[in-house]
Amino acid sequence: GHRRNCVAYGILYAGSCLLANSPAGLALAASRLLGGISYSILFTSFESWLIAEAEACELPRGQLTHIFAASSCVYAFSAVVAGIVGHVVVELSPPSAEGGHNR
């Protein structure tokens, strides 16, 4: 069940990304719906899969706590780095034809 949900996340999110490029309003609404469903799966299935696997491997609870703490730190750090990289890319990119940056 957990593995299937994680695969479903990938498929639904890919569908959301593909539909987001459409000019049709219904396709954009479907993209938002698929994106919402996939994010719900993202924030539940992977953690529950990890817990189930940790219990199956008889991993101590303390080690599982360290795994979740490390993943939270990595998520936060990667979000900060992505924001900085995005800002630098925008600042270094040439202005668009309309004038200014594409913001």
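Every heavy atom of this structure was used, including side-chain atoms; hydrogens, water molecules and symmetry mates were not.
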Q. Restricting to pairs with a member in residues 12-41, which pass ring-ring contact (aromatic ring centres under 6.0 Å, His included), not counting sequence neighbours?
A.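 Qualifying pairs: Tyr9-Tyr13, Tyr13-Tyr39.
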Can you list the other members of the hydrophobic cluster that holds [X], where links are side-chain heavy atoms under 4.5 angstrom apart?
X     : result
Leu28 : none
Tyr75 : none
Val85 : Phe77, Val81, Val89

Taking all non-hydrogen atoms of both residues into account, name the closest pair between Gly35 and Ser38 and its distance.
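Closest approach of Gly35 to Ser38, heavy atoms only: O-OG, 2.9 Å.
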Separation of [Y] [atom2] from [X] [atom1] (nearest 0.5 Å):
X     : Y     : atom1 : atom2 : result
Cys17 : Leu12 : SG    : CG    : 11.0 Å
Ser45 : Arg4  : OG    : CZ    : 11.0 Å
Ser16 : Asn21 : OG    : CG    : 10.0 Å
Glu47 : Leu64 : CD    : CG    : 10.5 Å

Tell me every residue that passes side chain to side chain contact (heavy atoms under 4.5 Å, CB included) with Leu19, counting only those two or more places apart in sequence or in another chain.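 By the side chain to side chain contact (heavy atoms under 4.5 Å, CB included) rule, Leu19 matches Ala27, Ala30, Ser31, Leu34.
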With sequence neighbours left out, the residues meeting side chain to side chain contact (heavy atoms under 4.5 Å, CB included) with Ile67 are Leu50, Leu59
Arg61 vs His66 side-chain heavy atoms within contact, under 4.5 Å | no
query = Honestly curious: do Val7 and Ile37 fall in one hydrophobic cluster under the side-chain, below-4.5 Å linking rule?
reply =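 No, because Val7 and Ile37 fall into different hydrophobic clusters, even though each may have its own neighbours under 4.5 Å.
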